[in-house]
Amino acid sequence: MERTILITGGAGFIGSHVVRRLVTRYPQYRIINLDALTYAGNLENLRDVENAPNYTFVKCDIRDAEGLKKVFAEHKPAGVIHLAAESHVDRSISDPLAFVETNVLGTVTLLNAAREGWKGAFEGKRFYHVSTDEVYGSLHDGGFFTEETAYDPQSPYSASKAASDHFARADGNTYKLPFVVSNCSNNYGSHHFPEKLIPLMINNIRNNKSLPVYGKGENVRDWLWVEDHASAIDTVFHKGVNGETYNIGGHNEWKNIDLVHLLCRIMDKKLGRAEGESAKLISYVTDRAGHDLRYAIDASKIERELGWKPSITFEEGLERTVDWYLANEAWLEHVTSGAYQQYYEAHYAR
Ligand code: NAD
Ligand code: TYD
């Protein structure tokens with residue numbers, strides 16, 4: 001079936017994997033990637049699909065109501081997969097308003113544009129809001145986040161994502177907008193901006209720079225390979241039930257310090273260093289303010305109801321990720337030097 005799908009945030013980490021997957025798996029779809037190209041958006045992530053006949057890039061901010069109206073009028077998408085967001089907890093601590101603007105105001109502006117663009121004719125339409133497990137807060141006494149866990153966001157990032165989730169559901173209730181929401185655990189994989197734990201550690205190990213572990217390194221995250229998240233998004237978009245929420249996770253909990261040691265061991269081997277050499281770079285630094293202790297997802301609903309589960313083990317995924325970073329030094333150089341941003345400024349100058 002021919003169909004146009006609007007993906008927001010498609011130049012970012014997860015979005016670029018979702019764009020690549022849909023462009024290549026569904027040649028009958030037209031995929032519109034809408035992205036404002038902030039510091040986290042990088043069209044180099046999509047070099048391999050940028051000339052595909054079913055792919056179009058539109059530079060637009062999700063807070064720009066007029067711009068969105070034009071996109072809906074011109075491309076007439078039947079589905080929206082909404083990933084555009086400010087996504088880094090540490091940045092949300094220094095600048096919470098930026099998170100309110102993009103994650104809350106931007107999502108509401110996009111919801112308005114979808115409703116208005118679809119003019120109430122919701123048959124065959126779907127708004128898919130992609131969110132995080134961080135909206136559930138921090139686990140202290142065991143247990144897992146289920147779809148019924150009460151929201152209890154603890155950082156400006158998770159508070160802004162929680163608000164955006166509420167707006168998506170409120171639109172479903174108030175205007176009968178057909179929507180689905182998913183809440184996923186921490187992702188890792190290729191094209192991950194090196195301000196987040198795993199790519200930052202890989203980059204610093206490679207450059208013999210210190211490895212900043214927050215607090216005692218005892219915080220626990222549940223890691224999922226980004227391509228498995230992209231396959232879960234594909235599954236929820238096509239098979240999910242309107243009005244439902246699906247938790248997505250890897251059943252793969254790691255204390256930060258254990259994960260950093262594992263990365264050091266893998267990198268020692270890959271770089272031909274003596275065992276234990278990279279681990280000497282570990283440095284305990286001041287903890288993140290309000291640092292959530294543990295996230296862990298119960299992903300049994302999506303497995304049971306939609307038949308999705310992760311495809312590879314963590315060891316396999318991590319090895320592929322390290323190999324990708326070592327083989328793509330130019331990508332790393334460009335994002336760390338900001339060269340791609342200067343290119344956009346020149347290329348998209350009005
Ligand atoms: P990212 O920061 O790598 O990418 C975000 C993308 O959104 C970038 O391309 C950026 O240019 C774009 N963007 C930002 N503000 C915009 C705006 N105002 N208008 C249009 N585009 C804008 O983020 P990510 O890690 O790929 O996360 C994508 C989504 O998945 C987010 O909604 C995030 O909350 C969610 N999520 C992320 C994780 C994770 O581990 N990274 C886990 C669960 C859920
Ligand atoms: P991060 O990748 O920022 O994801 P999130 O905060 O959304 O889970 O951080 C993952 C974990 O790693 C988190 O517990 C904070 C910790 N961390 C460090 O210890 N050092 C670092 O330099 C970074 C970026 C994160």
Side-chain angles (χ1 to χ4, degrees), residues 7-19 33-43 45-46 58-64 67-68 81-93 98-99 101-103 105-107 109-110 129-135 138 155 157-158 160-162 164-165 182-189 191-201 203-204 210-224 226 229-230 232-233 247-249 254-257 259-260 282-288 291-295 297 335 341 344:
I7 299 178
T8 72
F13 166 48
I14 301 170
S16 62
H17 284 278
V18 175
V19 166
N33 171 17
L34 183 149
D35 199 296
L37 300 179
T38 69
Y39 80 96
N42 182 359
L43 290 177
N45 294 351
L46 291 163
V58 178
K59 185 173 186 294
C60 181
D61 194 304
I62 55 167
R63 295 166 296 177
D64 174 2
L68 292 178
I81 305 179
H82 174 39
L83 296 111
E86 287 291 339
S87 69
H88 188 36
V89 174
D90 293 327
R91 284 180 189 253
S92 82
I93 294 169
F99 285 66
E101 283 175 11
T102 285
N103 299 358
L105 204 61
T107 298
T109 308
L110 182 67
H129 177 66
V130 175
S131 193
T132 165
D133 63 352
E134 303 191 26
V135 298
S138 178
S155 74
Y157 164 64
S158 54
S160 68
K161 288 298 290 187
S164 65
D165 295 13
S182 63
N183 296 86
C184 187
S185 63
N186 286 61
N187 284 214
Y188 71 96
H191 306 89
H192 203 181
F193 196 84
E195 66 184 355
K196 305 278 175 76
L197 180 74
I198 290 181
L200 181 134
M201 294 297 167
N203 193 30
N204 285 13
S210 84
L211 309 178
V213 173
Y214 297 168
K216 294 182 180 147
E218 288 188 341
N219 305 69
V220 173
R221 297 293 182 264
D222 178 358
W223 294 96
L224 178 69
V226 64
H229 189 192
I233 289 174
N247 279 357
I248 304 168
W254 282 80
K255 266 189 193 171
N256 291 340
I257 188 63
L259 173 50
V260 172
I282 291 174
S283 151
Y284 290 92
V285 299
T286 310
D287 207 355
R288 171 186 283 171
H291 197 171
D292 286 344
L293 181 65
R294 173 175 168 254
Y295 304 142
I297 277 277
V335 297
Q341 286 259 297
Y344 292 149

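In listed order, ligands and their atoms are each counted from 1. The chain is numbered in sequence order, starting from 1. Everything numeric in this text was worked out from a predicted model, so none of it was measured.
Closest protein heavy atom to atom 27 (O) of ligand 1: Ile14 CD1, 3.8 Å. Given atom 43 (C) of ligand 1, the protein heavy atom at minimum distance is Cys184 O, 3.3 Å. Protein heavy atom closest to atom 33 (C) of ligand 1, with residue, atom name and distance, is Tyr157 OH, 3.5 Å. In terms of protein heavy atoms, atom 3 (O) of ligand 1 is closest to Phe13 N, 3.1 Å. Nearest protein heavy-atom neighbour of atom 29 (C) of ligand 1: Leu83 O, 3.2 Å. At the top of the distance list for atom 40 (O) of ligand 1, counting protein heavy atoms only, stands Asn187 N, 2.9 Å. Here the protein heavy atom with the shortest distance to atom 4 (O) of ligand 1 is Gly12 CA, 3.4 Å. Looking at atom 19 (N) of ligand 1, its nearest protein heavy atom turns out to be Ile62 N, 3.0 Å.
Distances from atom 18 (N) of ligand 1 to the heavy atoms of Asn45, Ile233, Asp61 show the closest one on Asp61.
Side-chain contact of Ser131 with Asp165: a donor-acceptor pair under 3.5 Å is present, judged by distance alone. Checked by atom type, the side-chain pair Tyr295/Glu134 shows a donor-acceptor distance below 3.5 Å.
Within ligand 1, counting atoms from 1 as listed, the ones closer than 4.0 Å to a heavy atom of Asn186 are 40 (O). Residue-ligand proximity, Ser185 to ligand 1, at heavy-atom distances under 4.0 Å covers atoms 42 (C), 43 (C). Close contacts of ligand 1 with Ser131, meaning ligand atoms under 4.0 Å from a residue heavy atom, involve 43 (C), 44 (C). Close contacts of ligand 1 with Leu37, meaning ligand atoms under 4.0 Å from a residue heavy atom, involve 11 (O). Residue-ligand proximity, Val130 to ligand 1, at heavy-atom distances under 4.0 Å covers atoms 30 (O), 32 (O). Below 4.0 Å from some heavy atom of Gly41 lie the following atoms of ligand 1, by number and element: 8 (C), 9 (O), 10 (C), 11 (O).
Ligand 1 has no N or O atom lying under 3.5 Å from any N or O atom of Leu34, backbone or side chain. Close N/O approach between Asp35 and ligand 1 is found [any backbone or side-chain N/O within under 3.5 Å]. Of the N or O atoms in His82, none lie within a sub-3.5 Å distance of an N or O in ligand 1. Between Ala84 and ligand 1, a contact under 3.5 Å exists for no N or O pair. Of the N or O atoms in Gly10, none lie within a sub-3.5 Å distance of an N or O in ligand 1. Residue Thr38 has at least one nitrogen or oxygen atom sitting less than 3.5 Å from a nitrogen or oxygen atom of ligand 1, judged on distance alone. Checking only distances, Ser87 does come within under 3.5 Å of ligand 1, N or O to N or O.
Here CG of Leu224 is found 10.5 Å from CG of Asp133. Values are rounded to the nearest 0.5 Å. To the nearest 0.5 Å, the span separating OG on Ser87 from OH on Tyr157 amounts to 6.0 Å. To the nearest 0.5 Å, atom CD of residue Glu218 and atom NZ of residue Lys255 are 4.5 Å apart. To the nearest 0.5 Å, the span separating OG1 on Thr8 from CG on Asp61 amounts to 10.5 Å.
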Pairs of nitrogen or oxygen atoms, one from ligand 2 and one from the protein, closer than 3.5 Å: please tabulate them with distances.
from	atom 1	to	atom 2	distance (Å)
ligand 2	2 (O)	Leu197	N	2.9
ligand 2	3 (O)	Arg288	NH2	3.1
ligand 2	4 (O)	Asn186	ND2	3.4
ligand 2	6 (O)	Arg288	NH1	2.5
ligand 2	6 (O)	Arg288	NH2	3.3
ligand 2	7 (O)	Glu134	OE2	2.6
ligand 2	8 (O)	Asn186	ND2	2.9
ligand 2	8 (O)	Arg221	NE	2.7
ligand 2	12 (O)	Asn256	ND2	3.4
ligand 2	14 (O)	Arg221	NH2	3.3
ligand 2	14 (O)	Asn256	ND2	2.9
ligand 2	14 (O)	His291	NE2	2.7
ligand 2	19 (O)	Tyr214	N	2.9
ligand 2	20 (N)	Pro212	O	2.7
ligand 2	22 (O)	Pro212	O	3.4

For a side-chain contact (heavy atoms from CB on, under 4.5 Å) check, start with the C-alpha distance between Ile14 and Val130, then their side-chain angles and the critical distance, and finish with the verdict.
CA-CA 10 Å; Ile14 301 170; Val130 175; 5.8 Å; no
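Looking at Leu68 and Cys60, their side chains come closer than 4.5 Å, going by heavy atoms from C-beta outward. Residues Asn219 and Tyr214 are not in side-chain contact: their nearest non-hydrogen atoms beyond the backbone lie 4.5 Å or more apart. Residues Leu197 and Asn256 meet the side-chain proximity criterion, which asks for heavy atoms closer than 4.5 Å. Using a 4.5 Å cut-off on side-chain heavy atoms (C-beta onward), Thr107 and Thr109 make no contact.
Between Phe13 and His192, the distance from one ring center to the other falls under 6.0 angstrom.
Checked against side-chain contact (heavy atoms from CB on, under 4.5 Å), Thr102 has the following partners two or more places apart in sequence or in another chain: Ile62, Arg63, Glu86. In terms of the side chain to side chain donor-acceptor pair (under 3.5 Å) criterion, residue partners of His229 (sequence neighbours excluded) are, by chain and number, Asn187. With sequence neighbours left out, Phe99 forms a ring-ring contact (aromatic ring centres under 6.0 Å, His included) with no residue at all.
Of the possible donor and acceptor atoms, one in the side chain of Asn204 sits under 3.5 Å from a partner among the backbone N and O of Ser210. With hydrogens and angles disregarded, a donor-acceptor distance shorter than 3.5 Å links the side chain of Asp35 to the backbone of Ala11. In this structure a side-chain-to-backbone donor-acceptor pair under 3.5 Å is missing from Asp222 to Asn186.
Contact analysis leaves Ser16 out of contact with ligand 1, as no non-hydrogen atom separation drops below 4.0 angstrom.
For the pair Arg288 and Asp90, the salt-bridge criterion is met [side-chain N within less than 4.0 Å of a carboxylate O].
At a heavy-atom distance under 4.0 Å, no atom of Trp223 approaches ligand 1. Only side-chain heavy atoms of Lys161 come within less than 4.0 Å of ligand 1; its backbone N, CA, C and O stay farther off. Contact annotation: for Thr102 versus ligand 1, heavy atoms closer than 4.0 Å belong to the side chain alone. Neither the backbone nor the side chain of Asp133 has any atom closer than 4.0 Å to an atom of ligand 1 (non-hydrogen atoms only).
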